[in-house]
Visitor: 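Submitted below is the structure of interest, expressed as structure tokens.
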Amino acid sequence: MPADAPSVPDLRIRSVNGAPERPDGEFVVHWMTAFRRLGWNFSLDRAVDWAVRLGKPLVILEALRLDYPWASDRFHDFVLGGMADNLERAGSHPVLYYPYVERAPGAGRGLLEALASRAVVVVTDDYPGFFHPNMIAAAGRRMDTRLEAVDSNGLLPLRATERVFARAVDFRRYLQKALPPHLHELPQEDSLARTDVPAAGPGLLAEVRRRWPAADRHELTDRSLLLASLDIDHSVGVAPMQGGAAQAERRWRDFLEEDLSGYAEGRNDPDSDASSRLSPYLHFGHLSSHQVFADLARRELWTPMDIAPVARGQRSGWWGMSQEAEAFLDQIVTWRELGYNMSAHGDRSSRFESLPDWARRTIDEHRSDPRPFVYTLEEFETARTHDEIWNAAQRQLVREGRIHNYLRMLWGKKIFEWSETPEEALHTMFVLNDKYALDGRDPNSDSGIFWCLGRYDRAWGPERPVFGKIRFMSSENTRRKLRLKGYLEAFGPA
DNA sequence: ATCGGCTCGCGCAA
DNA sequence: TGCGCGAAGCCGAT
């Protein structure tokens, strides 16, 4: 790659199929699958680099299939909202933004290959979770054009280390040593700002676009008819939270300007729902943690010189920012990227066997303890347990696609306690979280769900039935700690 | 309201 | 070898 182009760090670029680029191809393809935004995006920067270097137009394909696991009105709507934003923003640039929505099962088959067969190179997003690694590998086998996957997941490149970490403090200590050089590596705020990309003419790909028509602005903006026409799960309704980079930006600004000031204390006060509510935007790639970091640093008047000389994995004081900024960075950098690291490098990272030894041991010792209650997946899903707090949390998940951050822990702990086996509990948690949570199907879902069974945690006494030495939580105590009246009314039985 | 004990593993100082 | 401490807890004693 050219020395004069804005550099995407080599560590973040991976050749999927080992094929060479084709300099006589007609255009560069950016296949947008995970980082669904037009700025703060190393993956798109890389595609722009190619286009500039070889003097070829840029085609951005953002596709949405019908048959991905858990496809529903809820997730489709979120992604389509993002496409509407990207279409709007790309309109002022000389690129071909091509939003493709599959209308009938299998209709989209062949589209990527049709583009790839004429492309110089295809650049896509290297996301370590859900079906993405398999999809990327399969796409690489189906094309003889060079396919590159680029890591724009977080501040630390996924390939910076092969190690996996058993506890947040270990990863934090590692980050405090390894992260500083990477903090200078930022993607472009506006990947399409460079004017030296050759224009994509209006006739480009006309015949491809006749066979696989792009979604138009109107149906992406006003989505109910489109959603209703698709063969997806309509029982999981559109969530109150709107998807897309524009909404993500708005929520981030609001959080930064209004909610962050109470963040350090707010999180320790279980009464307030002090979460940033950015996780759906981060999950769908509508928001970048690089932007979050850059904006935060600017607000804090921070420079790398402020970093403390001691690096012992301490939770606060290392960055040299305000308490609330450091508390937030611990979430969005340490904890978020801990999960990504595990997803990218952890053997069997989503399996029971990946739990720490002490946790597996104690869970096994209590495997045959009688459960105080046992519910089926269907009873859990329809919020028919004996516990009104648990039922309310489940109803919030079904209706809004999220759960209050404290209750989310209780929700998982109780599914563990009220299932026949830990494996069945895991299955229930993953099904419900994957199906309903806007931020589900993410490496951080693994972290959150497995935390309930001891991952990243330590043993706690006294030893109890079912839990053994796994940290225990109870609805009775939750009732004492949280003011739940409003919540229980809002999420009472329908 | 606050405190200690419950319990495990790891890095680091000694 | 021992010490300190860690995502969010619980419970009983004070």
Side-chain angles (χ1 to χ4, degrees), chain A residues 163-178 262-276 279 308-318 323-324 326-342 354-366 372 387 389-390 393 402-417 429 439 443-484:
Chain A
R163 287 175 62 196
V164 293
F165 299 84
R167 302 175 310 168
V169 65
D170 301 328
F171 185 59
R172 196 181 293 114
R173 185 174 8 235
Y174 166 79
L175 280 182
Q176 291 174 354
K177 295 193 173 107
Y263 192 78
E265 307 137 26
R267 289 193 66 81
N268 293 331
D269 170 14
D271 230 4
S272 65
D273 188 359
S275 64
S276 69
S279 62
V310 282
R312 283 191 226 94
Q314 64 270 40
R315 240 196 298 182
S316 66
W318 180 76
Q323 273 216 322
E324 59 268 23
E326 294 198 341
F328 181 59
L329 282 176
D330 204 47
Q331 300 303 310
I332 204 155
V333 181
T334 310
W335 278 94
R336 178 167 179 273
E337 300 194 18
L338 175 63
Y340 276 70
N341 168 274
M342 178 67 95
S354 68
L355 288 168
D357 288 343
W358 70 266
R360 290 177 61 191
R361 216 180 307 126
T362 194
I363 289 171
D364 278 335
E365 281 168 12
H366 291 269
D387 183 325
I389 298 177
W390 194 93
R402 65 186 209 96
I403 303 183
H404 175 287
N405 68 36
Y406 186 90
L407 295 179
R408 195 168 192 167
M409 298 184 278
L410 181 71
W411 176 87
K413 291 284 184 183
K414 293 292 134 178
I415 292 175
F416 172 60
E417 188 179 9
M429 284 190 258
D439 64 2
N444 284 290
S445 295
D446 291 14
S447 300
I449 287 171
F450 275 99
W451 178 83
C452 296
L453 275 70
R455 179 183 288 178
Y456 304 136
D457 206 3
R458 67 177 193 272
W460 288 86
E463 197 165 351
R464 293 166 195 276
V466 186
F467 285 87
K469 294 166 189 166
I470 305 286
R471 184 195 301 255
F472 175 75
M473 291 178 74
S474 76
S475 299
E476 291 67 35
N477 215 47
T478 302
R479 197 180 286 280
R480 280 192 286 274
K481 291 168 72 164
L482 272 65
R483 266 194 300 274
L484 283 169

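Lettering follows sequence order; numbering is per chain, from 1.
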Visitor: Rounded off to whole Å, could you give me the CG-to-P distance for the A:L329 and C:dA7 pair?
Guide: 16 Å
Visitor: Rounded off to whole Å, could you give me the CD-to-P distance for the A:Q176 and C:dG6 pair?
Guide: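 Nearest whole value for this atom pair: 13 Å.
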Visitor: Residues of residues 460-470 of chain A with any non-hydrogen atom less than 4.0 angstrom from an atom of DNA chain C: list those, numerically ordered, please.
Guide: A:W460, A:G461, A:R464
Visitor: Using the P atom as the point on both nucleotides, what is the distance between B:dC10 and C:dG9, in whole Å?
Guide: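 Nearest-Å result for C:dG9 against B:dC10 at atom P: 23 Å.
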Visitor: Find the distance A:L482:CG to C:dA8:P and express it as a whole number of Å.
Guide: 16 Å
Visitor: Check every nucleotide of DNA chain B for an atom under 4.0 Å from a heavy-atom of chain A, then give the first and the last such nucleotide from 5' to 3'.
Guide: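 Answer, 5' to 3': B:dC6 to B:dC12.
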Visitor: Which whole-number value in Å describes the distance from A:F416 CZ to C:dG9 P?
Guide: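 Checked: the CZ to P distance equals 18 Å.
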Visitor: Do you know the tightest heavy-atom contact between A:G339 and A:P443?
Guide: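 Taking every non-hydrogen atom into account, O-CB, 3.5 Å.
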Visitor: Of all residues at least two apart in sequence or in a different chain, which pass the ring pair (Phe, Tyr, Trp, His ring centres under 6.0 Å) check with A:Y456?
Guide: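 Applying ring pair (Phe, Tyr, Trp, His ring centres under 6.0 Å) to A:Y456 gives A:W335.
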Visitor: Can you name the residues that form a side chain to side chain contact (heavy atoms under 4.5 Å, CB included) with A:T334, not counting sequence neighbours?
Guide: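 Per chain and number, A:T334 pairs via side chain to side chain contact (heavy atoms under 4.5 Å, CB included) with A:F171, A:R172, A:L175, A:D330.
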Visitor: Might you point out which heavy atoms bring A:G454 and A:A359 nearest each other, and give the distance in Å?
Guide: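 Shortest heavy-atom separation between A:G454 and A:A359 comes out as CA-CB, 4.4 Å.
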Visitor: Considering only atom P, compute the distance from B:dG9 to C:dC10 and round it to an integer number of Å.
Guide: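 My reading of the P atoms in B:dG9 and C:dC10 gives 23 Å.
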Visitor: Determine the minimum heavy-atom distance between A:E417 and A:V466, stating which atoms define it.
Guide: CA-CG1, 4.0 Å
Visitor: Provide the closest heavy-atom pair for A:I363 versus A:L453 in the form atom of the first, atom of the second, distance.
Guide: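 Heavy atoms of A:I363 and A:L453 come nearest at CD1-O, 3.8 Å.
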Visitor: When you measure from the side chain of A:Q176 to the backbone of A:G313, do you find a donor-acceptor pair of N or O atoms at a distance under 3.5 Å?
Guide: yes
Visitor: Could you tell me whether the phosphate oxygens of C:dG9, OP1 or OP2, come under 4.0 Å of any side-chain nitrogen or oxygen in A:K481?
Guide: yes
Visitor: Output all residues satisfying side chain to side chain contact (heavy atoms under 4.5 Å, CB included) with A:E463, sequence neighbours left out; order by chain, then residue number.
Guide: A:T362, A:E365, A:H366, A:K469
Visitor: Base, sugar-phosphate alone, or nothing: which one does A:R480 contact when heavy atoms must sit under 4.0 Å apart?
Guide: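 Counting heavy atoms under 4.0 Å across all strands, the contact made by A:R480 is with sugar-phosphate only.
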Visitor: Quick one: A:R458 CZ to C:dG6 P, roughly how many Å, whole number?
Guide: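 Value for this atom pair: 8 Å.
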Visitor: Not counting sequence neighbours, which residues clear salt bridge (charged side-chain N to carboxylate O under 4.0 Å, His left out) with A:R479? List them please.
Guide: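 Partners of A:R479 by the salt bridge (charged side-chain N to carboxylate O under 4.0 Å, His left out) criterion, ordered by chain and then number, come out as A:E388.
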Visitor: Among A:F416, A:F467, A:W411, A:Y406, which one satisfies side chain to side chain contact (heavy atoms under 4.5 Å, CB included) with A:M473?
Guide: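 Answer after filtering A:F416, A:F467, A:W411, A:Y406: A:Y406.
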Visitor: Please list every stem that involves DNA chain B, where a stem is a run of 3 or more consecutive Watson-Crick or G-U wobble pairs with both pairing distances under 3.5 Å.
Guide: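 Listed by first number, the stems are B:1-6 with C:9-14, B:8-13 with C:1-6.
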Visitor: If I take atom CH2 in residue A:W411 and atom P in nucleotide C:dA7, what distance separates them, rounded to the nearest angstrom?
Guide: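 Value for this atom pair: 23 Å.
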Visitor: Taking any heavy-atom pair under 4.0 Å as a contact, classify A:M473: base, sugar-phosphate, or nothing.
Guide: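 Contact class for A:M473: sugar-phosphate only.
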Visitor: Roughly how many Å is it from OH in A:Y406 to C1' in C:dA7, rounded to a whole number?
Guide: 12 Å
Visitor: Would you say a side-chain N or O of A:N477 is under 4.0 Å from OP1 or OP2 of C:dG9?
Guide: no
Visitor: Residues in side chain to side chain contact (heavy atoms under 4.5 Å, CB included) with A:D457, at least two apart?
Guide: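 A:D457 satisfies side chain to side chain contact (heavy atoms under 4.5 Å, CB included) with A:W451, A:W460, A:R471 once adjacent residues are dropped.
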Visitor: Could you pick out which residue, A:Y456 or A:L410, lies toward the 5' side of DNA chain C when each is mapped onto its nearest nucleotide?
Guide: A:Y456
Visitor: For residues 167-174 of chain A, which residues have at least one heavy atom under 4.0 Å from DNA chain B?
Guide: A:R167, A:R173
Visitor: Quickly work out the A:L453 CG to C:dA8 P distance and round it to whole Å.
Guide: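 Distance, rounded to whole Å: 17 Å.
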Visitor: Residues two or more places apart in sequence or in another chain: which of them pass salt bridge (charged side-chain N to carboxylate O under 4.0 Å, His left out) with A:E326?
Guide: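 Per chain and number, A:E326 pairs via salt bridge (charged side-chain N to carboxylate O under 4.0 Å, His left out) with no residue.
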Visitor: I'd like to check the salt bridge (charged side-chain N to carboxylate O under 4.0 Å, His left out) partners of A:R455; sequence neighbours left out, ordered by chain and number.
Guide: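 A:R455: no salt bridge (charged side-chain N to carboxylate O under 4.0 Å, His left out) contacts found.
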Visitor: Compare side-chain N and O positions of A:R471 against OP1 and OP2 of C:dA8 and report whether any pair is under 4.0 Å apart.
Guide: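 Result: yes.
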Visitor: With A:N477, which residues qualify under side chain to side chain contact (heavy atoms under 4.5 Å, CB included), at least two apart?
Guide: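 For A:N477, the residues satisfying side chain to side chain contact (heavy atoms under 4.5 Å, CB included) (neighbours in sequence not counted) are A:S474, A:R480, A:K481.
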Visitor: Quote, to the nearest angstrom, the C1' distance that separates B:dA1 from C:dA7.
Guide: 23 Å
Visitor: Give the intermediate values and the outcome of salt bridge (Lys or Arg N to Asp or Glu O under 4.0 Å) for residues A:D170 and A:R173.
Guide: CA-CA 5 Å; A:D170 301 328; A:R173 185 174 8 235; 3.4 Å; yes
Visitor: Just checking A:R315: base, sugar-phosphate only, or nothing, at a heavy-atom cut-off of under 4.0 Å?
Guide: sugar-phosphate
